[in-house]
Amino acid sequence: MNNYFLKIFLLNFSIFQLASSSFSQQNEKIWFDGLGRSYFSRDNVLSNKDTISPKSMSSGYNLLDLNVHVNPIPNIEVFGQVRVQNQFGGFFGSGTEIDVRQLTARGTLKNKVRFSVGDIFLKQNKYTLHNYDEDLNFYGSDLYNSYKSIIDYENFYQDNRWRLQGLQVDFSYKFDRFIRTLEVDLFTTRPRGSSQLNSALNTFQSDMLLSGGTIYSQISKSISAELNYTILNELPNSGTQLSSVKNPVYQFGLIHQYSAKKFSINSKIQTGLSEKSWSHKVGYDSISHNRLGMFFEYKSEISKLDSSFNLSMGYRYVDPNFRSSAAQSRRIDMAESNLNSIYTIYSNDAVVRPISIFDIISDQNIFNQNISPTLMNFNPIFSNALPYGDATPNRVGLFLDGFYKHKKKYFNINFNTSFFSEVIGQGTSRKRTFLTFAQLTKVNLNELFNQRKEFNFSLGYRNQITNREGDSIERINLNSTHIDFKIEKELLEKVYFNFSTKRIKGIGNEYLVSRDDFDEILTFQQVNYNRIDYLHALGIKYQFKRDVYIDVQYNLWGSEFNIANFNDFDFQRLLFIFSIKL
């Protein structure tokens with residue numbers, strides 16, 4: 001208890017001193033922003049044939065993230081984020097935590113070289129370093145934006161970037177001849193540090209480093225080129241593990257841009273190589289497992305200069321052996337060891353409740369923040385065609401996507417369709433095919449009927465069909481349908497009524513893949529699906545301004561399995577969120 005009050009005193013004293021020093025100077029060198037949030041949920045069991053678990057549970061917290069920006073000189077900034085969080089039910093300091101959540105120093109040297117040290121957010125090409133959106137989040141749907149904003153904030157998901165710790169340096173040049181510009185971005189990070197695995201056996205996990213760089217050049221007014229490189233490397237001498245992985249990835253692309261009076265046409269052709277190797281020590285010998293892969297993509301798009309229309313199409317080939325850990329790491333690992341937070345165990349059989357759409361949308365604790373050296377697990381009914389995004393290995397096919405925005409803002413439409421097949425079959429010479437169609441339409445009824453208060457609805461639909469011909473063992477037929485609907489009405493000034501529903505139905509069969517530590521396929525497990533997931537939400541939101549709101553929701557959610565050995569479940573939640581972003 002004394003330590004707790006000492007921490008509070010030191011924190012308040014530090015903040016007071018920083019604030020006093022900043023306001024005592026004419027030119028502020030210290031300034032603050034941050035975020036505060038109150039979160040409360042009460043969950044109830046409606047039906048899951050469970051007489052053991054509690055029928056209702058509640059949880060919640062208050063937190064304050066204070067961002068401190070220190071500018072000791074004009075070209076240098078030190079940024080730190082301190083979090084104070086108190087779980088509901090904790091009094092007089094019980095359940096309160098104080099953490100330093102982020103720490104970064106950044107600046108510019110000689111007005112030419114920019115650098116960042118500490119927590120940095122990195123993104124390159126979609127085949128070398130990219131943090132793809134989670135399953136179900138096609139088109140960045142805002143149907144559940146209160147949940148989504150919390151998940152992205154808590155897991156440091158910003159603009160498809162990975163949050164890593166290390167050093168980043170970038171600089172650029174302009175030229176009079178041959179090429180117009182040259183931009184260079186270099187980084188080195190440590191996604192994982194050395195740690196002790198077993199104190200009795202004195203075993204340690206090795207350090208893992210992720211380094212790379214980007215070179216972008218504007219060759220002429222219409223032609224540019226890019227080169228991306230990443231390498232994931234475990235340092236065997238920093239641990240006692242017998243195997244270590246090394247994964248360099250190279251990407252090269254050419255972009256052509258053409259602009260007319262109303263339209264622009266962009267074309268991009270890119271290709272790349274990957275190598276993944278494991279050095280495995282057996283006694284005094286060293287055995288290497290090497291895998292070489294490549295990818296190729298051509299994409300062309302036409303768009304209006306007023307951003308009201310865009311249409312793109314292309315062809316993609318990704319080799320079965322293409323491996324890029326920094327681009328293929330998923331936000332959610334669907335392994336059985338990844339447990340959800342709400343009613344993890346259900347039914348009288350005390351079985352682990354599988355991850356549902358409610359968990360994907362609302363549970364911040366199931367998300368991944370690390371780079372995985374091997375391919376992670378996925379659920380085929382949520383995403384089967386491209387579970388690892390554009391970098392999904394063993395795919396070849398065509399894609400078409402686009403959007404249209406009405407000039408008077410009556411509606412906008414996003415759509416995507418693609419047809420992919422496997423390059424080689426898995427466990428058989430026959431290949432899977434994947435047909436996907438998705439669309440999201442938003443209609444602004446207030447614009448259509450010339451009303452001042454907001455009134456709109458959104459309808460999203462995605463259908464994904466997986467097929468494989470063959471005998472009774474080889475045959476696969478999986479049909480997955482996703483439906484989203486939301487209606488929002490501004491009842492009073494800044495007071496919004498929301499109703500939304502999300503439903504997923506997966507029916508058919510598939511084979512789940514089990515891999516070893518060297519990413520090689522061990523076995524196939526046949527799984528039959530006849531499952532429906534749903535989430536209905538009804539709420540009132542008071543929007544003080546864009547980043548300050550109170551949201552009260554009622555959620556009804558569950559799953560219907562329609563097969564033996566799985567019990568259906570139904571739950572309800574009452575949710576309260578008060579969020580303030582300074």
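Treat the numbers as computed from the prediction; the structure is a model and nothing was measured.
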Starting from the C-alpha separation in whole Å, work towards a yes-or-no answer on side-chain hydrogen bond (donor to acceptor under 3.5 Å, both in side chains) for Ser220 and Gln218.
CA-CA 6 Å; Ser220 66; Gln218 188 75 35; 5.9 Å; no
Check whether NZ of the Lys or CZ of the Arg [X] lies under 6.0 Å from the centre of the six-membered ring of [Y] and within 45 degrees of that ring's axis.
X: Lys405; Y: Phe403; value: yes
X: Arg180; Y: Tyr216; value: no
X: Arg331; Y: Tyr157; value: yes
X: Arg330; Y: Tyr132; value: no
X: Arg395; Y: Phe434; value: yes
X: Lys541; Y: Tyr496; value: no

Between [X] and [Y], does at least one N-O distance fall below 4.0 Å, as a salt bridge requires?
X: Glu488; Y: Lys442; result: no
X: Glu77; Y: Lys29; result: no
X: Glu297; Y: Arg316; result: yes
X: Glu447; Y: Arg452; result: no

Give a yes-or-no answer on whether the side chains of Asn446 and Gln451 include a donor-acceptor pair shorter than 3.5 Å.
no
In this structure, are over 12 heavy atoms from other groups packed under 6.0 Å from Tyr258 atom OH?
no
Any non-hydrogen side-chain atom of [X] less than 4.5 Å from a side-chain atom of [Y]?
X: Val423; Y: Tyr317; value: yes
X: Glu490; Y: Phe497; value: no
X: Met294; Y: Thr271; value: yes

Assign the ring pair Tyr147 / Phe358 to parallel, tilted or perpendicular, where the plane angle (0 to 90°) is split at 30° and 60°.
perpendicular
Side-chain polar contacts of residues 115-126 - donor-acceptor pairs under 3.5 angstrom, sequence neighbours left out - could you list them?
| residue | atom | partner | partner atom | Å |
| --- | --- | --- | --- | --- |
| Asp119 | OD1 | Arg163 | NH2 | 3.4 |
| Asp119 | OD1 | Gln165 | NE2 | 3.0 |
| Asp119 | OD2 | Leu103 | N | 2.8 |
| Asp119 | OD2 | Arg163 | NH2 | 3.4 |
| Lys123 | NZ | Asp159 | O | 3.2 |
| Lys123 | NZ | Asp159 | OD2 | 3.4 |
| Gln124 | OE1 | Thr128 | OG1 | 3.0 |
| Gln124 | NE2 | Gly213 | O | 3.1 |
| Gln124 | NE2 | Thr214 | OG1 | 3.1 |
| Asn125 | OD1 | Tyr127 | N | 2.9 |
| Asn125 | ND2 | Glu226 | OE2 | 3.4 |
| Asn125 | ND2 | Gln270 | OE1 | 3.0 |

Does Asn463 form a side-chain hydrogen bond (donor to acceptor under 3.5 Å, both in side chains) with Thr481? I'd like the steps, not just the answer.
CA-CA 5 Å; Asn463 183 230; Thr481 303; 3.2 Å; yes
For the pair Asn456 (side chain) and Leu445 (backbone), establish whether a donor and an acceptor sit closer than 3.5 Å, ignoring hydrogens and angles.
no
Look at the side chain of Ser458 and the backbone N and O of Lys486, then say whether any donor-acceptor pair between them is shorter than 3.5 Å.
no
Side chain to side chain donor-acceptor pair (under 3.5 Å) partners for Asn310, two or more places apart
Glu301
Of all pairs that satisfy side chain to side chain donor-acceptor pair (under 3.5 Å), the ones with a partner from residues 379-388, not counting sequence neighbours
Asn384-Thr466, Asn384-Glu510
To the nearest 0.5 Å, atom OG1 of Thr417 lies from atom CZ of Phe399 at 12.0 Å
